[in-house]
Amino acid sequence: APSLPIAQQGEAILAQSAAVVTDPLHPDIQALIRNMQATMLAANGVGIAAPQVFRSLRLIIVASRPNPRYPDAPLMEAVAMINPEIIWLSIETCLGEEGCLSVPGRRAQVARAERLTVRYLNQQGERVEAAYSGFVARIIQHEMDHLNGILFVDRVG
Ligand SMILES: O=C(NO)N[C@@H](Cc1ccccc1)C(=O)O
Ligand SMILES: [Zn+2]
């Protein structure tokens, strides 16, 4: 699958709220998931959101793994989340370093909820509810922000 161009900070699409995916099993959506995965891997990313590849859709990929940009990242199976909704956030927050494929060269400490529960459709169109914590919960909050037109630098004081 080809690596797609990544929208950079300043592109209008990154400040928009993305649209709900109406047909998760549509071949276009399945192809987009594959292309987002390839794009994220090529950039050594640990997550990516559809608006970053110029598709204003509520679709994210979460794929933490140790890599040169995040050597301490936990290893997990990459997961595509269609129409994700965070249905619970812990009150406890923690600070952690973030970067963004759309804001190259910037890293900053961002406060995020330590734990969360997310409801989404998986790549097979099945409903899933799952709990995450730590760095993976951080990635999910970062990607969800993209679906709502928010960049991590908007959250840095
Ligand atoms: O730009 C993206 N995703 O939108 N990718 C980020 C994801 C991320 C999120 C939170 C903390 C660290 C990293 C990346 O650097 O791989
Ligand atoms: Zn990002």
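One-based numbering, in listed order, for ligands and for the atoms of each. Remember, predicted model here, so these are calculated numbers, not experimental data. Every heavy atom of this structure was used, including side-chain atoms; hydrogens, water molecules and symmetry mates were not.
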Legend entry - Reported CZ-to-CZ distance for the pair Arg127 and Arg119, which is rounded to 0.5 angstrom: 5.5 Å
Legend entry - Spacing of Ile48 atom CD1 and Met36 atom CE [to the nearest 0.5 Å]: 5.5 Å
If you measure every N or O of [X] against every N or O of ligand 1, does any of those distances drop under 3.5 Å?
X: His142; answer: yes
X: Ala49; answer: no
X: Asn44; answer: no

Residue, atom name and distance, where the atom is the protein heavy atom closest to [atom]:
atom: atom 11 (C) of ligand 1; answer: Glu98 CG, 3.5 Å
atom: atom 6 (C) of ligand 1; answer: Gly99 O, 3.6 Å
atom: atom 16 (O) of ligand 1; answer: Val46 N, 2.8 Å
atom: atom 14 (C) of ligand 1; answer: Arg69 NH1, 3.4 Å
atom: atom 5 (N) of ligand 1; answer: Gly47 O, 3.0 Å
atom: atom 13 (C) of ligand 1; answer: Tyr70 OH, 3.4 Å
atom: atom 1 (O) of ligand 1; answer: Leu101 N, 2.8 Å

Legend entry - Beyond-backbone contact of Asn148 with His146, side-chain heavy atoms, under 4.5 angstrom: no
Legend entry - Side chains of Val79 and Tyr120 in contact at under 4.5 Å (non-hydrogen atoms): yes
Give the numbers and elements of all ligand 1 atoms closer than 4.0 Å to a heavy atom of [X].
X: Glu143; result: 2 (C), 3 (N), 4 (O), 7 (C)
X: Cys100; result: 1 (O)
X: Gly45; result: 16 (O)
X: His146; result: 4 (O)

Inset, instruction - Might you point out which heavy atoms bring Ala1 and Asn35 nearest each other, and give the distance in Å? - result: CB-OD1, 3.3 Å
Inset, instruction - If you have a sec, read the angle at the Zn ion (ligand 2) from His146 atom NE2 over to Cys100 atom SG, to 10 degrees. - result: 100°
Legend entry - ligand 1-proximal atoms of Gln52, by part, heavy-atom distance under 4.0 Å: side chain
Inset, instruction - Check Phe135 against ligand 1 and report side chain, backbone, both or neither, counting heavy atoms closer than 4.0 Å. - result: side chain
Legend entry - Residue Glu126 excluded, over 12 heavy atoms near CD under 6.0 Å: yes
Legend entry - Crowding at CD1, Ile87 (>12 non-hydrogen neighbours, <6.0 Å): yes
Inset, instruction - State yes or no: do Met144 and Ile139 share one hydrophobic cluster built from I, L, V, M, F, W and Y residues joined by side-chain heavy-atom distances below 4.5 Å, directly or via other members? - result: yes
Inset, instruction - Check the side chains of Ser102 and Gln52 for a donor-acceptor pair under 3.5 angstrom, ignoring hydrogens and angles. - result: yes
Inset, instruction - Identify which one of Arg138, Gln109, Arg106 satisfies the side chain to side chain donor-acceptor pair (under 3.5 Å) criterion when paired with Glu98. - result: Arg138
Inset, instruction - Would you mind checking if Arg55 and Asp28 are paired as a salt bridge, meaning a charged N to carboxylate O distance below 4.0 Å? - result: no
